[in-house]
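In what follows, a structure is listed as structure tokens, so that the remarks can point back to it.
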There are 2 protein chains.
Amino acid sequence: MATTGRQLRPLDEREMSAWHALIRAHNRVVRKLEAELEAEHGLTLPGYEVLAHLSEAPGEQLRMSELAQHAVLTPSGLTRLVDKLTREGLVRRDKCSADARVVYAVLTPQGRRRLEAAYPTHLRGVREHLIDALTPTQQEALSDALGELSGICRAALAEAAAGCEVTPREVTQREVTQREVTQREEAEAALAAAPRTT
Amino acid sequence: MATTGRQLRPLDEREMSAWHALIRAHNRVVRKLEAELEAEHGLTLPGYEVLAHLSEAPGEQLRMSELAQHAVLTPSGLTRLVDKLTREGLVRRDKCSADARVVYAVLTPQGRRRLEAAYPTHLRGVREHLIDALTPTQQEALSDALGELSGICRAALAEAAAGCEVTPREVTQREVTQREVTQREEAEAALAAAPRTT
DNA sequence: AGGTATTCCTTGCACATGCAAATACCTACC
DNA sequence: GGTAGGTATTTGCATGTGCAAGGAATACCT
């Protein structure tokens, strides 16, 4: 194997094992979960995630950009997915009165029902294929190792807006304004108790 | 949230964190690695994996079915990928003289060169985006937790044919025959030192 | 020997998704 | 007030991959 000018140490057995384990386990878990969700509820995993995140959001709505981050999709990918979910009546789009660029994705009652129906399947699948196969220590270790890696820390899961990735810097007027807009929108939309899921 | 007849306990914070960490970390690592491999070498990650596994096999060839398992693809998916790699001259197909159903995928010299060129990029990427971000303890834990899950244990990485998943049962004549065939083929093909990679 | 079940690989078809570009809008700064 | 730069979303295009089915070959059983 050629070595370039920059000396890189080949992966040792432990390292290679970790790498392969990530790839293989992910593939296995996701494929199984997807098959079950698809067969029983006609949902893809990202589709489920979108519904779930919307159900947890104030007013059951999220900006497309926010939702894309939550669902681990590119903006483009989310647009397609929301297109599809909209065709199926599970989601609808809404404009933002304060910023004409922004589009909200909103969970529909039908989408809520689909999500509720799929929740036990999803939970059972995640448990069966991942969580219950691990000891609490392993779960902790997994979360510890991969959590940092994935660009979020655990605290950020609860407070997405104040993620620990935020580096100390000036808070721009833009951010203040957006925060105000978001808070205003949330206050207006805070009329439905967001059911908890995933 | 509806509860079905089968009571499932919702994921607690630790469990959910582990689940999300797996999804997000995998996405992040793979996306970055893919972008680099594609930009610098015109290879997808599965494409790289195929070349790598072939280079490590006796005679630099593997049955399509074996290769599909190694590359974590369905037979169908592997067929398409090998189609593509064949068009690019990186891989060629070979018949099996002992079993007319079997097709071998064989690494070409051009494929070898591509792999060698891409190896440092891949290694650097895996290190930078995954391995070097973890402590050895975390790597171990990751491999420990996900290794079992992914249906292989660490020993099986070195001895793929005798995977620890093998349950005690009768060895059928079919398996004996296939083993003999494989050994014969390997003996015939064992004329090139398989360069080590990944 | 003949019939059936299983294996191996490929193909038809459909779907999901990302990159790059385009368009419209918003904010900060002069 | 005007402009440059940045943001948000969508669209054109291309690519990769899996399910289900099909066809050929092989193994197993009677």
Side-chain angles (χ1 to χ4, degrees), chain A residues 27 30-32 34-35 37-39 42-50 62-69 71-88 93-105 170-182, chain B residues 27 30-32 34-35 37-39 42-50 62-69 71-88 93-105 170-182:
Chain A
N27 181 275
V30 167
R31 199 176 287 180
K32 285 186 178 179
E34 286 242 339
L37 281 174
E38 180 64 49
L43 282 176
T44 63
L45 187 52
Y48 178 90
E49 291 291 331
V50 161
L62 282 170
R63 293 177 172 218
M64 291 290 274
S65 50
E66 268 193 274
L67 186 52
Q69 288 175 38
V72 195
L73 288 170
T74 61
S76 163
L78 181 70
T79 292
R80 325 313 189 146
L81 182 48
V82 167
D83 287 347
K84 176 177 184 284
L85 295 175
T86 298
R87 286 196 300 274
E88 295 172 1
R93 280 179 168 87
D94 232 352
K95 284 180 287 192
C96 171
S97 55
D99 186 336
R101 297 169 301 179
V102 171
V103 172
Y104 281 100
E170 302 287 338
V171 176
T172 62
Q173 175 61 34
R174 171 180 293 167
E175 290 171 327
V176 174
T177 305
Q178 182 164 337
R179 209 170 288 162
E180 289 173 348
V181 169
T182 303
Chain B
N27 181 275
V30 167
R31 199 176 288 180
K32 286 185 177 178
E34 285 244 340
L37 281 174
E38 180 64 50
L43 281 177
T44 63
L45 187 53
Y48 177 90
E49 291 291 329
V50 161
L62 281 169
R63 292 175 173 219
M64 292 290 275
S65 50
E66 268 192 276
L67 187 52
Q69 288 175 39
V72 194
L73 288 170
T74 62
S76 163
L78 181 69
T79 292
R80 304 6 174 108
L81 181 48
V82 168
D83 287 347
K84 177 180 184 286
L85 296 174
T86 299
R87 284 196 301 273
E88 294 172 0
R93 281 179 165 86
D94 230 351
K95 284 181 286 191
C96 172
S97 54
D99 187 335
R101 296 169 301 178
V102 171
V103 172
Y104 280 101
E170 302 286 338
V171 177
T172 63
Q173 176 62 30
R174 171 180 293 169
E175 290 171 327
V176 174
T177 306
Q178 181 163 336
R179 210 170 288 163
E180 290 173 349
V181 170
T182 303

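Residue numbering restarts at 1 for every chain, and letters A, B, ... go by the order of the sequence lines. From a predicted model like this one, the values you see are computed outputs, not experimental measurements.
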Compare all side-chain heavy atoms of [X] with those of [Y] and state whether any distance is below 4.5 angstrom.
X: Gln69(B); Y: Glu66(B); value: no
X: Val103(B); Y: Lys95(B); value: no
X: Pro46(A); Y: Glu34(A); value: yes
X: Leu78(B); Y: Val50(B); value: yes
X: Leu37(A); Y: Thr44(A); value: no

- Check the pair Val82(B) / Met64(B) against side-chain contact (heavy atoms from CB on, under 4.5 Å), numbers first and verdict last. CA-CA 9 Å; Val82(B) 168; Met64(B) 292 290 275; 4.0 Å; yes

- Could you work out which one of dC26(C), dT10(D), dT10(C) sits closest to the side chain of Ala100(A)? dC26(C)

How close or far is atom [atom2] of [N] from atom [atom1] of [X], stated in whole angstroms?
X: Glu49(A); N: dT17(C); atom1: CD; atom2: P; result: 12 Å
X: Glu66(B); N: dT7(C); atom1: CD; atom2: C1'; result: 14 Å
X: Met64(B); N: dT11(C); atom1: CE; atom2: C1'; result: 13 Å
X: Leu37(B); N: dC19(C); atom1: CG; atom2: P; result: 14 Å
X: Leu45(B); N: dT17(C); atom1: CG; atom2: P; result: 18 Å
X: Asp83(B); N: dG12(C); atom1: CG; atom2: C1'; result: 14 Å
X: Arg101(A); N: dG5(D); atom1: CZ; atom2: P; result: 17 Å
X: Leu43(A); N: dA16(C); atom1: CG; atom2: P; result: 11 Å

- Reckon Arg93(A) has a side-chain N or O less than 4.0 Å from the OP1 or OP2 of dT10(D)?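 For dT10(D), OP1/OP2 do have a side-chain N/O of Arg93(A) under 4.0 Å.
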
- Is there a side-chain polar atom (N or O) of Thr79(B) under 4.0 Å from OP1 or OP2 of dT11(C)? no

- Message: Each nucleotide in nucleotides 12-22 of chain D should get exactly one letter: B, S or -. Can you fill that in based on protein heavy atoms under 4.0 Å?
- Response: BB--SBBBB--

- Item | Difference in axis direction between the ends of the helix from dA1(C)-dT30(D) to dC30(C)-dG1(D), five pairs, 10° |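 Here the helix ends are tilted 30° relative to one another.
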
- Item | Backbone of Ala71(A) reached by a side-chain donor or acceptor of Glu49(A) within 3.5 Å | no

- Any residue meeting side-chain hydrogen bond (donor to acceptor under 3.5 Å, both in side chains) with Thr74(A), in chain and number order, not counting sequence neighbours: none

- Taking NZ, NE, NH1 and NH2 as the nitrogens, is one of them in Asp83(B) or Arg93(B) under 4.0 Å from a carboxylate oxygen of the other?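 Result for this pair is yes, salt bridge flagged.
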
